[in-house]
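The next block holds one structure in the form of structure tokens; read it before the comments.
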There are 2 protein chains.
Amino acid sequence: MTGPDIDLGGVRLPEPRQLEAYFALTEAVSLLQHHVEQQLRAEGGISTVQFQILMALNGVEQLTMTQIADGVVYSRSGLTYQAAQLEKAGLVTRRPSPDDERATLVAITDRGRATVGKVLPGHIEVTRRLLYEAVSADDLDRLGDTMARVRDHIREEPPRSAAPRRKPSSKR
Amino acid sequence: MTGPDIDLGGVRLPEPRQLEAYFALTEAVSLLQHHVEQQLRAEGGISTVQFQILMALNGVEQLTMTQIADGVVYSRSGLTYQAAQLEKAGLVTRRPSPDDERATLVAITDRGRATVGKVLPGHIEVTRRLLYEAVSADDLDRLGDTMARVRDHIREEPPRSAAPRRKPSSKR
DNA sequence: CACAGATGCTTCGAACTCGAAGCACAATCT
DNA sequence: AGATTGTGCTTCGAGTTCGAAGCATCTGTG
């Protein structure tokens with residue numbers, strides 16, 4: 001996996017190709033997300049996070065806050081805030097779990113489902129126009145495979161809250 | 001999340017493969033950016049945006065706010081805020097352009113360069129561990145090509161909400 | 001030159017975000 | 001059981017973000 005890197009002043013820099021891939025990746029996704037945000041706000045009055053929460057709830061009966069947070073890359077407190085917003089807008093309901101008094105069960109309402117239905121076409125249209133249109137079906141497949149692998153790889157990362165191994169490891 | 005033939009509000013969704021690619025893409029990048037954010041904050045006390053701004057300024061002598069904004073996906077007002085933060089921290093300088101009194105010229109300071117140098121190794125390490133490690137050099141090349149194409153494609157998009165090319169109605 | 005519109009940036013208000021701290025309930029230990 | 005530790009979520013404060021509106025300057029046209 002580790003290609004031949006350039007050693008420069010003790011810092012191993014990745015090859016230009018690697019950097020290029022990384023920058024293109026983050027920039028393209030930023031641009032994509034920006035357009036998506038606009039569309040969701042304009043057509044449904046919701047944010048991307050809210051849309052993601054609604055999508056997570058759409059197929060299932062209900063989820064706890066923790067279960068939602070596991071699916072969405074988001075802070076717990078931020079999720080609390082957004083869940084409150086969604087409840088205020090009548091798109092979800094919240095109630096304490098009967099099994100565990102600490103847990104909050106969140107469920108999507110008919111109105112929430114309606115909002116998803118109203119916003120989804122435009123969302124798909126945007127992604128189609130910006131993403132699918134730019135790459136071949138074949139490349140898109142490969143892209144999906146690669147990013148799924150990256151996603152799983154990062155998910156498997158150990159929590160780095162207490163392991164700052166700060167060692168240049170004198171291998172010179 | 002649901003079956004193969006998803007129909008919400010009479011909308012036909014793209015192929016599952018396409019959706020999978022899109023979701024994997026956004027999720028993986030979100031996870032990656034989260035880790036990057038942590039590293040930059042911990043080792044250099046700066047945010048991702050600030051890092052991007054510094055990186056944009058690193059090679060050149062100076063840039064206007066607009067030029068920076070063109071490179072970073074970010075709102076103008078947000079850029080003003082962050083530039084003020086960076087100036088307060090002594091990492092950049094700001095001064096009005098001699099050519100155009102409206103324009104603000106931003107330049108990185110030695111201290112700014114030092115911060116970049118301090119933070120870059122860790123940044124590279126994180127991307128290596130999370131991204132490069134998960135995919136083969138070959139796939140990474142392909143990924144870079146694809147995302148560069150997507151980026152350019154989106155950049156070419158007509159600014160649908162930014163440029164009011166049609167406002168002939170009433171006089172004011 | 002006058003002046004209307006464009007351009008570059010900042011200010012403003014409101015909304016959003018995060019981590020730390022807090023609260024209440026649950027599980028585990030002795 | 002009582003005490004201790006863990007878990008699920010919310011609250012809180014500080015900082016960040018955006019778009020709209022505002023200000024100053026520039027440019028094009030007559």
Side-chain angles (χ1 to χ4, degrees), chain A residues 30 33-42 45-53 62-70 72-89 92 94-106 159-162, chain B residues 30 33-42 45-53 62-70 72-89 92 94-106 159-172:
Chain A
S30 289
Q33 284 176 339
H34 180 69
H35 284 255
V36 165
E37 184 79 34
Q38 305 294 66
Q39 181 267 321
L40 291 176
R41 180 63 65 192
I46 59 175
S47 66
T48 304
V49 202
Q50 292 175 336
F51 176 68
Q52 288 173 329
I53 296 172
Q62 58 188 12
L63 292 175
T64 67
M65 296 292 280
T66 296
Q67 287 172 326
I68 296 175
D70 282 346
V72 182
V73 184
Y74 209 60
S75 72
R76 295 303 171 90
S77 50
L79 184 58
T80 295
Y81 175 78
Q82 287 299 351
Q85 297 304 110
L86 287 172
E87 188 178 41
K88 207 182 298 176
V92 306
R94 283 191 297 179
R95 67 188 176 90
S97 166
D99 303 328
D100 187 337
E101 283 290 331
R102 297 166 302 177
T104 299
L105 292 178
V106 186
R160 79 194 59 331
S161 49
Chain B
S30 289
Q33 284 176 340
H34 180 70
H35 284 255
V36 165
E37 183 79 34
Q38 305 294 66
Q39 181 267 321
L40 291 176
R41 179 64 65 191
I46 59 176
S47 65
T48 304
V49 202
Q50 293 176 335
F51 176 69
Q52 289 173 328
I53 295 172
Q62 58 188 13
L63 292 176
T64 67
M65 296 290 280
T66 295
Q67 287 171 325
I68 297 174
D70 282 347
V72 182
V73 185
Y74 208 58
S75 73
R76 295 301 170 88
S77 50
L79 184 58
T80 295
Y81 175 79
Q82 286 299 349
Q85 298 303 110
L86 287 172
E87 188 178 39
K88 207 182 297 176
V92 305
R94 283 190 298 178
R95 66 188 177 90
S97 166
D99 302 328
D100 188 337
E101 284 289 330
R102 297 167 305 178
T104 299
L105 292 177
V106 187
R160 305 181 301 123
S161 56
R165 44 182 64 232
R166 232 172 239 273
K167 207 123 187 252
S169 45
S170 56
K171 266 302 260 177
R172 334 185 52 248

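Chain identifiers are assigned alphabetically (A, B, ...) following the order of the sequence lines, protein sequences preceding nucleic acid strands; residue numbering begins at 1 within each chain.
- Side chains of B/Thr48 and B/Gln33 form no contact here, defined as non-hydrogen atoms less than 4.5 Å apart.
- End-to-end axis angle of the helix from C/dC1-D/dG30 to C/dT30-D/dA1, using five pairs per end and rounding to 10°, comes to 20°.
- Phosphate contact (OP1/OP2 of C/dA15, side-chain N/O of A/Gln85, threshold under 4.0 Å): absent.
- The CD atom of B/Gln85 sits 10.5 Å away from atom CD1 of B/Ile53, with the distance rounded to the nearest 0.5 Å.
- Residues satisfying the side-chain hydrogen bond (donor to acceptor under 3.5 Å, both in side chains) criterion with A/Gln52, sequence neighbours excluded, are absent altogether.
- Taking atom CD of A/Glu87 as the reference point, atom P of D/dC9 lies 14 Å away to the nearest angstrom.
- Partners of A/Arg102 by side chain to side chain contact (heavy atoms under 4.5 Å, CB included), not counting sequence neighbours, listed by chain and number: A/Asp100.
- Atom pair B/Asp70:CG and C/dT7:P shows a separation of 13 Å (rounding to whole Å applied).
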Exercise. Apply side chain to side chain contact (heavy atoms under 4.5 Å, CB included) to the pair A/Val72 and A/Leu79, showing each step before the final yes or no.
Key: CA-CA 9 Å; A/Val72 182; A/Leu79 184 58; 5.9 Å; no
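- Proximity of residues 74-81 of chain B to DNA chain C (heavy atom under 4.0 angstrom from any strand atom) is restricted to B/Arg76, B/Ser77, B/Thr80.
- For the OP1/OP2 pair of C/dG8 and a distance below 4.0 Å, the side-chain nitrogens and oxygens of B/Gln67 include no atom meeting the criterion.
- A/Gln82 has its CD atom 9 Å from the C1' atom of C/dT17, to the nearest Å.
- Between B/Asp99 atom CG and D/dT27 atom C1' the separation is 15 Å, expressed in whole Å.
- In this structure, B/Thr104 OG1 and B/Gln62 CD are separated by 11.5 Å, a value rounded to the nearest 0.5 Å.
- Counting non-hydrogen atoms under 4.0 angstrom, B/Thr64 reaches the backbone sugars and phosphates but no base.
- A straight line from CD of A/Gln50 to P of C/dA15 spans 12 Å, rounded to a whole angstrom.
- Out of D/dT16, D/dT10, C/dG8, the shortest distance to the side chain of A/Thr104 is found at D/dT10.
- Put simply, CG on A/Leu40 and NE2 on A/His35 are 13.0 Å apart, with the number rounded to the nearest 0.5 Å.
- Positionally, the nearest nucleotide of DNA chain D for A/Thr66 lies more toward the 5' end than for the other of A/Thr66 and B/Pro98.
- Every residue two or more places apart in sequence or in another chain that forms a side chain to side chain contact (heavy atoms under 4.5 Å, CB included) with A/Thr66 is listed here: A/Thr64, A/Asp70, A/Arg76.
- Among C/dC25, D/dT10, D/dG19, the nucleotide with an atom closest to any side-chain atom of A/Asp100 is C/dC25.
- Listed by chain and residue number, nothing satisfies the side-chain hydrogen bond (donor to acceptor under 3.5 Å, both in side chains) test with B/Glu101 (two or more places apart in sequence, or in another chain).
- Protein atom CG of B/Leu40 is 16 Å distant from nucleotide atom P of C/dC18, rounded to whole Å.
- Comparing atom distances between the A/Arg102 side chain and each of D/dC26, D/dT7, D/dG19 picks out D/dT7 as nearest.
- To the nearest angstrom, P of C/dT10 lies 11 Å from CG of B/Leu105.
- Here CZ of B/Arg41 is found 6.0 Å from CD of B/Gln50. Values are rounded to the nearest 0.5 Å.
- Nearest to the side-chain atoms of B/His34 among the listed nucleotides D/dT25, C/dC16, C/dG19 stands C/dG19.
- Between B/Ile46 atom CD1 and D/dG15 atom C1' the separation is 16 Å, expressed in whole Å.
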